[in-house]
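Below is one structure, written out as structure tokens; comments come after it.
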2 protein chains.
Amino acid sequence: MLERMIRRTPRTHGEILAAAARRFAVTGYKGTSLQDIAREVGCSKAAVLYHFAGKEALLAELMAGPIAVLRELDERISALTGTAAQRVAAEGFVDLAVRFRGEIALLRGEFPELLAQPAFAHIQRISERLIEAMTGPDGGQDARVAALVLLAGIAEGCGAFADIPDEELRPALLAIAQRVLVTPAPPPPRPPLDHQHQD
Amino acid sequence: MLERMIRRTPRTHGEILAAAARRFAVTGYKGTSLQDIAREVGCSKAAVLYHFAGKEALLAELMAGPIAVLRELDERISALTGTAAQRVAAEGFVDLAVRFRGEIALLRGEFPELLAQPAFAHIQRISERLIEAMTGPDGGQDARVAALVLLAGIAEGCGAFADIPDEELRPALLAIAQRVLVTPAPPPPRPPLDHQHQD
DNA sequence: ACTTGCTCTGACCGATCGGTCAGTGTCTGA
DNA sequence: TCAGACACTGACCGATCGGTCAGAGCAAGT
């Protein structure tokens with residue numbers, strides 16, 4: 001009887017996931033309804049719920065990649081201290097941001113609330129440790145401000161650089177990180193000629 | 001007869017506005033319902049709608065201050081070019097961010113969608129011009145990335161510094177801006193010793 | 001031909017959203 | 001004393017949200 005929406009090729013898991021990512025990136029997580037995603041795919045809302053346990057499950061699967069890398073980075077940093085931790089944190093986060101900029105962009109600044117959800121609770125703690133590491137051995141207020149501005153700027157901004165290939169964006173962000181992070185005062189007696197040294 | 005919620009002191013315009021700002025700052029604009037605001041004030045949702053035309057009107061009034069300053073900054077910049085525009089843009093935006101960090105924080109990264117609303121359409125254009133000015137005379141890709149990361153970092157991060165007084169936060173952010181923004185290569189004939197030139 | 005299992009549908013659920021409305025208590029000036 | 005403005009209420013509206021459900025269509029196995 002009702003043949004208007006006949007299924008010729010079944011929708012795949014990944015097809016829906018990609019559509020969700022596209023919508024989330026445009027209208028944010030909260031701002032995207034399951035109806036929107038279904039419309040993008042060309043199926044019913046119920047079909048989306050058939051493939052995924054719920055809206056949260058969609059987001060969780062979308063973020064699984066970057067979250068795994070973030071945890072890995074956290075573990076690597078926790079074994080370090082001082083400038084070593086600072087450098088690894090900055091480089092690691094830049095790498096992560098460049099590689100997963102699509103995923104990060106789709107959160108759009110809804111971090112605070114999304115992180116409040118129990119499913120992402122540990123991310124909150126990791127990003128705090130990341131900022132602490134980026135703050136560096138200096139530990140002063142200026143260093144803390146610099147670390148947070150850098151982290152937020154990269155996280156929030158990297159989604160806007162869709163037109164820049166990875167191999168160009170990464171060094172650009174790394175250069176910014178080197179400039180912005182407060183490194184401890186030059187320890188050896190040395191004329192502070194310029195601001196660009198340290199590997 | 002129904003005296004359970006007797007009004008002893010009428011709610012003022014400002015009282016509701018302040019409550020809305022508090023809630024928006026915690027749960028974001030979309031994430032805050034009129035019910036939430038009413039609960040914070042201690043009145044009914046209808047009372048909130050009595051004082052304000054709608055949810056949008058609340059946000060508009062809350063953002064009127066920073067928007068006015070932003071427009072003023074835009075006008076000041078439009079009369080300048082090159083490094084002068086770059087410096088004024090950076091300093092002006094830092095001032096704005098410090099002064100209105102509460103208001104900026106409550107947008108929480110919902111900028112993209114909120115700016116899409118016609119009421120804030122001009123803000124979109126202004127921030128684009130601000131980035132262009134911050135990019136500076138260099139105009140290269142790296143300069144553009146630096147400008148956007150700085151802008152996003154300050155906008156997104158300044159809300160997190162509620163514990164730092166204005167007179168400390170301002171110089172800290174200005175120092176970051178000076179470090180991050182790509183200034184034109186030293187103009188006089190000079191050996192290009194390091195890697196910071198490119199047009 | 002019949003069964004089984006997968007994919008997907010429209011209809012429907014309760015909750016919540018922004019917003020409207022008729023009416024009610026309180027204060028104030030005439 | 002009373003009329004009117006003001007501040008505010010609970011009830012209610014249609015829309016939309018995330019999510020559930022019984023069953024239809026279809027392909028493959030037997």
Side-chain angles (χ1 to χ4, degrees), chain A residues 1-21 23-24 26-62 106 108 110 113-114 116-120, chain B residues 1-21 23-24 26-62 106 108 110 113-114 116-120:
Chain A
M1 192 82 10
L2 39 124
E3 342 189 8
R4 42 277 195 73
M5 210 180 246
I6 27 158
R7 217 17 357 91
R8 59 206 73 240
T9 60
R11 260 63 180 177
T12 66
H13 196 81
E15 201 174 342
I16 295 174
L17 203 62
R23 294 308 310 164
F24 286 160
V26 174
T27 47
Y29 176 73
K30 267 184 322 207
T32 302
S33 68
L34 294 176
Q35 203 74 255
D36 292 333
I37 297 169
R39 201 178 302 120
E40 176 100 8
V41 179
C43 66
S44 70
K45 188 181 63 168
V48 176
L49 271 316
Y50 170 77
H51 285 282
F52 294 89
K55 199 183 176 187
E56 253 186 68
L58 263 165
L59 181 65
E61 191 159 329
L62 233 22
L106 62 80
R108 279 277 187 194
E110 301 182 68
E113 277 176 87
L114 292 176
Q117 293 183 286
F120 300 101
Chain B
M1 199 54 34
L2 40 124
E3 342 190 5
R4 41 279 195 70
M5 211 180 245
I6 26 156
R7 217 19 354 91
R8 57 207 75 237
T9 59
R11 261 62 181 178
T12 66
H13 195 81
E15 201 174 344
I16 294 173
L17 203 62
R23 295 309 309 164
F24 286 161
V26 175
T27 47
Y29 176 74
K30 267 183 322 206
T32 301
S33 68
L34 294 176
Q35 203 73 256
D36 292 333
I37 297 169
R39 200 179 304 121
E40 176 100 7
V41 179
C43 66
S44 70
K45 187 180 65 169
V48 176
L49 271 318
Y50 170 79
H51 285 282
F52 294 89
K55 200 182 175 186
E56 254 186 67
L58 263 165
L59 182 65
E61 191 159 328
L62 232 23
L106 62 80
R108 280 279 187 194
E110 301 181 69
E113 277 177 88
L114 292 176
Q117 292 185 288
F120 300 102

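In what follows, every heavy atom counts, from backbone to side chain, and hydrogens, waters and symmetry copies are set aside. These numbers were taken from a predicted model, which means no experiment stands behind them. In the text below, chain A, chain B and the rest are named by the order of the sequence lines, each starting its count at 1.
- Using a 4.0 Å cut-off, some side-chain N or O of H51(B) falls inside it from OP1 or OP2 of dC8(D).
- The two residues L58(B) and L17(B) have their closest heavy-atom pair at CD2-CD1, 3.7 Å.
- For D36(A) against G31(A), the heavy-atom pair with the smallest separation is OD2-O, 4.0 Å.
- Between the OH atom of Y50(A) and the C1' atom of dG10(C) there is a distance of 17 Å, given to the nearest Å.
- Shown here for K30(B) and K30(A), the closest heavy-atom pair between the two residues is CE-CE, 4.2 Å.
- For the pair S33(A) and dC17(D), the criterion of a side-chain N or O lying under 4.0 Å from OP1 or OP2 is met.
- The distance between atom CG of D36(A) and atom P of dA15(D), rounded to the nearest whole Å, is 17 Å.
- The nearest whole Å value for the distance from the NZ atom in K30(A) to the P atom in dG18(D) is 12 Å.
- Following rounding to the nearest Å, Q35(B) (CD) and dG10(D) (C1') show an atom-to-atom distance of 11 Å.
- Contacts of L49(A) classified as side chain to side chain contact (heavy atoms under 4.5 Å, CB included), with partners at least two apart in sequence or in another chain: L34(A), K45(A).
- One atom, CZ of R39(B), and another, P of dG18(C), lie 12 Å apart when rounded to the nearest Å.
- Between Y29(A) and K55(A), the shortest heavy-atom distance links the atoms O-NZ, 2.9 Å.
- Between C43(B) and V48(B), the closest heavy-atom pair is SG-CG2, 4.2 Å.
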Pairs: protein N or O with nucleotides 19-22 of chain D N or O, under 3.5 Å:
residue : atom : partner : partner atom : Å
dG19(D) : OP2  : K55(A)  : N            : 2.8
dG19(D) : N7   : K45(A)  : NZ           : 3.2
dG19(D) : O6   : K45(A)  : NZ           : 2.5

